[in-house]
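Just so we're on the same page: letters track the sequence lines, and every chain starts at 1.
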Amino acid sequence: MKFSQMLIPTLREAPSDAEAVSHKLMLRAGFVRQLAAGLYIYLPLGLRVINKINRILREEMDAIGAQEISMPVMHPAEIWQTTGRWYEIGAEMFRLKDRTDRDMCLGMTHEEIMTWLASREIRSYRDLPQVWYQIQTKLRDEARPKSGILRTREFHMKDSYSFDADEEALDINYNAHAKAYHRIFERCGLKFYQVESDTGMMGGAAAHEFMASSQAGEDDIVLCDKCGYAANVEVAKSKPSDSGNTVWDFEEIHTPQKRTVKEVSNFLKAVPASFIKSLLMISDDKPVLVLVRGDQDLHEKKLSKIIGKFRAAGKDEILSILGVEAGFIGPAGHKVRMLADPSLKDGTYIGGANKSDYHVKGLKAGVHFNPEWHDLHTAKEGDRCVNCDNVLRIEKAIEIGNIFKLGTKYSLPLKAVYLDSNGNEKPIIMGSYGIGPARIAAAAVEQNNDKDGIIWPRSIAPFDVELIPLNVDDAKTIEVTEMIHKGLVAEKMEVLIDDRNERPGVKFKDADLIGIPVQVVIGEKGLREGLVEIKDRKTKQAEKIAVGDATRKIILLAH
RNA sequence: CGGGGCGUAGCGCAGUCUGGUAGCGCGCACGGUUCGGGACCGUGAAGUCGGAGGUUCAAAUCCUCUCGCCCCGACCA
């Protein structure tokens, strides 16, 4: 491919509305352009990367016996109504009507449609198992598209769906997918973790996410380096560190105008971990008093799993329900339902005195308050692993893939059933498995770049080698460039030739920006001694090679 | 959806407070000199100042409404 004939609009400066490193670099290097919020055009280089990723996806999916099929992007509403998701999902679903006023939607994911197909085509246990996948466009009207191609409103997804006779068979498919995903992300050159995750809108029994470490990530993952525990903070369990507080006798203390844990802990010179944070929530019109340790954050998802939807009570509600001014709530002496995090079970604590400008020391569970105990805190750096007591760490990560055990969540409503060997009708047991190719690309850039630009992992680079003839008016230079090119193409290498009539500096800068792993510089100076220069984009190390050996050496370096 | 910021030439920005003929750098076109890490000189093209309405002799600038984009939060395969 000739650079001069390809659309590679590199930019000296990044547009100001780009924030994430991957977004800036993909814009500057001419891989993508933005059409509107969350809508991106993939230019030739960008598309080549996506195609490389998709090829790996297909190879690995085919290797576990999955079959590629193609599904409509637009769906009739009825199917989504049958599973209830038409009503559960809000503005995130693009909805429209066709000319006959029939409700339609644009597919955010394809559980419904895949299950519909299974319900018509699978009859017998002899038809099982089946694994179907597609690599297609999904549409979600995201509340907040962001970070370039990381969160977009239209995106490609490799999504596969498994159909099995029973849970054991589902486990086999689930594990096969997990293994395939490991191979896929390894082949794409990513640093990633498999973590326990929430089942979210997919519903179902179990779920894992595949997470690529990156500052641009939207998720926090909790990791134990000793036993390997890994979980999204959305579901992570942890043992809080010791509260480090002393044993206090019960005592009321004057704390004028000190309301927050921070204010009171500064005032009393006691660590936040020696406090009880008392939060009043309203769920189903009923008050619930929630207690976590002063250094902890309430985990709202964990709480809502216990009490359902809830909201924080307003200042007036706190006063009318508890008879206390906000900031001085304590756990003692209330009749409302009370939940507490187990970290408060032992020891004595400081909390609100339930009257203005006073707190109390020496609060003790079982003596002054008797809550229901539930894990309610958000795991944080420095907490300990529930399995092995090792200190946990937290990393930011990009979700690049997920796997869900769906069970019968979709097969029951859509009547996807089969007859077992005894002639009994049974629901098909399903799993669903997604990967975002664009997120793989973005994560790869996030993890592999330097001040000069992108450093593509070889497996997903837009080209294997970039040839850089410095003076395109020099006959010898062109002759050698073409010779090397021919040799590489014969070995199935994908080669970009920067044949532009530009100064060397411009070509070097663009080559580093674009990030093709191997650069070959063909200059008159070197050619006088019969040499060309082979450069590794990542290490920036250059080697001068005799023209005759160039092709062989390049192939060695490019593999 | 809540909070904040920004829309001026293809890109990056100044000008807005204090109204008075729209500017700079890069890029682009042409000529010349250059040619191993984003060259230099000269000439030139290119802007409904996001849009609508209003105030005013006069609006990029002041007022009202509106659209778009980004960031934080909520939400999120």
Side-chain angles (χ1 to χ4, degrees), chain A residues 9-20 23-24 27-28 30 33-39 85 89-93 107-111 136-148 150-161 197-204 207-210 216 218-219 232 234 300-301 304 311-312 398-404 406 432-439 451-453 468-474 477 498 500-513 519 521-528 531-533 535 540 542 544:
Chain A
T10 59
L11 263 25
R12 193 184 287 245
E13 288 171 285
S16 58
D17 52 11
E19 190 72 17
H23 187 199
K24 282 186 197 162
L27 241 23
R28 281 193 58 208
R33 285 295 182 262
Q34 185 179 21
L35 174 66
L39 299 175
R85 288 211 288 184
I89 296 169
E92 209 185 339
M93 179 185 270
M108 320 174 53
T109 173
H110 282 74
E111 280 75 18
Q136 274 179 248
T137 301
K138 312 281 181 223
L139 292 121
R140 292 179 194 175
D141 196 356
E142 289 286 348
R144 193 182 154 204
K146 58 182 284 202
S147 307
L150 265 185
R151 178 165 293 277
T152 52
R153 296 194 292 174
E154 176 179 323
F155 58 101
H156 287 260
M157 182 156 102
K158 187 292 299 175
D159 47 327
S160 44
Y161 303 84
S197 68
D198 194 34
T199 50
M201 78 179 225
M202 311 297 303
H208 288 89
E209 288 165 338
F210 290 81
E218 302 176 279
D219 289 277
N232 193 312
E234 290 177 5
E300 300 192 353
K301 270 195 179 153
S304 69
R311 61 179 174 83
I398 297 167
E399 182 186 347
I400 46 177
N402 53 41
I403 53 179
F404 293 95
L406 298 176
S432 108
Y433 317 89
I435 287 183
R439 285 192 169 185
K451 66 174 174 36
D452 294 312
I468 308 175
L470 294 184
N471 180 3
V472 293
D473 293 325
D474 178 60
T477 299
D498 192 347
R500 295 175 301 169
N501 190 6
E502 285 286 356
R503 302 168 61 84
V506 173
K507 295 189 179 192
F508 292 144
K509 288 287 182 192
D510 276 345
D512 286 349
L513 222 206
Q519 302 171 2
V521 181
I522 300 116
E524 288 172 277
K525 225 188 273 175
L527 288 181
R528 260 176 246 135
L531 301 174
V532 295
E533 198 172 289
K535 208 155 49 166
K540 292 266 171 91
K544 290 201 160 74

Judged by nearest nucleotide, the residue sitting upstream toward the 5' end of RNA chain B, A:Leu11 or A:Ala20, is A:Leu11
Residue pair A:Lys507/A:Leu150 against RNA chain B: nearer the 5' end by closest nucleotide is A:Lys507
Tell me: [atom1] of [X] to [atom2] of [N], nearest whole Å?
{"X": "A:Phe210", "N": "B:A77", "atom1": "CZ", "atom2": "C1'", "result": "14 Å"}
{"X": "A:Arg151", "N": "B:A77", "atom1": "CZ", "atom2": "P", "result": "8 Å"}
{"X": "A:Asn501", "N": "B:U34", "atom1": "CG", "atom2": "P", "result": "15 Å"}
{"X": "A:Glu399", "N": "B:A77", "atom1": "CD", "atom2": "C1'", "result": "6 Å"}
{"X": "A:His23", "N": "B:C70", "atom1": "NE2", "atom2": "P", "result": "8 Å"}
{"X": "A:Gln34", "N": "B:C69", "atom1": "CD", "atom2": "C1'", "result": "7 Å"}
{"X": "A:Glu142", "N": "B:C1", "atom1": "CD", "atom2": "P", "result": "15 Å"}
{"X": "A:Leu470", "N": "B:A39", "atom1": "CG", "atom2": "C1'", "result": "15 Å"}

In this structure, CD of A:Glu111 is separated from CG of A:Leu406 (nearest 0.5 Å) by 6.0 Å
Would you confirm whether [X], through its side chain, and [Y], through its main-chain N or O, come within 3.5 Å as a donor-acceptor pair?
{"X": "A:Arg28", "Y": "A:Leu11", "answer": "yes"}
{"X": "A:Asn402", "Y": "A:Gly434", "answer": "yes"}
{"X": "A:Gln34", "Y": "A:Ala36", "answer": "yes"}
{"X": "A:Arg140", "Y": "A:Glu154", "answer": "no"}

Identify whether any heavy atom of [X] sits under 4.0 Å from a base atom; if not, whether one sits that close to sugar-phosphate; answer base, sugar-phosphate or nothing.
{"X": "A:Ala91", "result": "nothing"}
{"X": "A:Arg28", "result": "base"}
{"X": "A:Asp512", "result": "base"}
{"X": "A:Thr152", "result": "nothing"}
{"X": "A:Ala18", "result": "nothing"}
{"X": "A:Gly90", "result": "nothing"}
{"X": "A:Gly434", "result": "nothing"}
{"X": "A:Arg439", "result": "base"}

Original post:
Do A:His110 and A:Lys138 have side-chain atoms, one donor and one acceptor, less than 3.5 Å apart?
Top reply: yes
Taking atom [atom1] in both [N] and [M], what distance in whole Å separates the two?
{"N": "B:C28", "M": "B:U18", "atom1": "P", "result": "41 Å"}
{"N": "B:A77", "M": "B:G3", "atom1": "P", "result": "25 Å"}
{"N": "B:C24", "M": "B:G15", "atom1": "P", "result": "15 Å"}
{"N": "B:G2", "M": "B:U21", "atom1": "P", "result": "40 Å"}
{"N": "B:G23", "M": "B:G47", "atom1": "C1'", "result": "11 Å"}
{"N": "B:C26", "M": "B:A39", "atom1": "P", "result": "11 Å"}
{"N": "B:C62", "M": "B:A14", "atom1": "P", "result": "15 Å"}
{"N": "B:U61", "M": "B:G50", "atom1": "C1'", "result": "16 Å"}

Both distances below 3.5 Å, Watson-Crick or wobble geometry, any strand: find the nucleotide opposite [N].
{"N": "B:C62", "result": "B:G54"}
{"N": "B:U18", "result": "none"}
{"N": "B:A74", "result": "none"}
{"N": "B:G23", "result": "B:C13"}
{"N": "B:G36", "result": "none"}
{"N": "B:A46", "result": "none"}
{"N": "B:C6", "result": "B:G68"}

Does the [N] base have a donor-acceptor partner in the side chain of [X] within less than 3.5 Å?
{"X": "A:Asn471", "N": "B:G36", "value": "no"}
{"X": "A:Glu533", "N": "B:G36", "value": "yes"}
{"X": "A:Arg144", "N": "B:C76", "value": "no"}

Measure from the side-chain heavy atoms of [X] and tell me the nearest of [options].
{"X": "A:Glu13", "options": "B:G38, B:C11, B:C69", "answer": "B:C11"}
{"X": "A:Met157", "options": "B:C35, B:A77, B:G38", "answer": "B:A77"}
{"X": "A:Lys301", "options": "B:A77, B:C76, B:C70", "answer": "B:C76"}
{"X": "A:Pro15", "options": "B:C76, B:C11, B:C69", "answer": "B:C11"}
{"X": "A:Ala143", "options": "B:G27, B:A74, B:C76", "answer": "B:A74"}
{"X": "A:Asp17", "options": "B:G38, B:C76, B:C69", "answer": "B:C69"}
{"X": "A:Glu92", "options": "B:A77, B:A39, B:C76", "answer": "B:C76"}
{"X": "A:Phe508", "options": "B:C76, B:G36, B:U34", "answer": "B:G36"}
{"X": "A:Lys146", "options": "B:A77, B:C71, B:C76", "answer": "B:C71"}
{"X": "A:Ala37", "options": "B:G36, B:C69, B:G38", "answer": "B:C69"}

Across all chains, not counting sequence neighbours, the salt bridge (charged side-chain N to carboxylate O under 4.0 Å, His left out) partners of A:Glu533 are A:Lys544
**Prompt:** Hey, does the side chain of A:Ser16 come within less than 4.0 Å of B:C70's phosphate (OP1/OP2), counting only N and O?
**Reply:** no
Below the 4.0 Å mark, does B:G38 have OP1 or OP2 next to a side-chain nitrogen or oxygen of A:Arg503? no
For A:Thr109 and A:Tyr161, the nearest pair of non-hydrogen atoms, with its separation, is OG1-OH, 3.6 Å
Nearest heavy-atom approach of A:Gly38 to A:Thr152 is O-CB, 3.3 Å
Tested for side-chain contact (heavy atoms from CB on, under 4.5 Å) against A:Ile468, the lone hit among A:Arg500, A:Glu502, A:Lys507 is A:Lys507
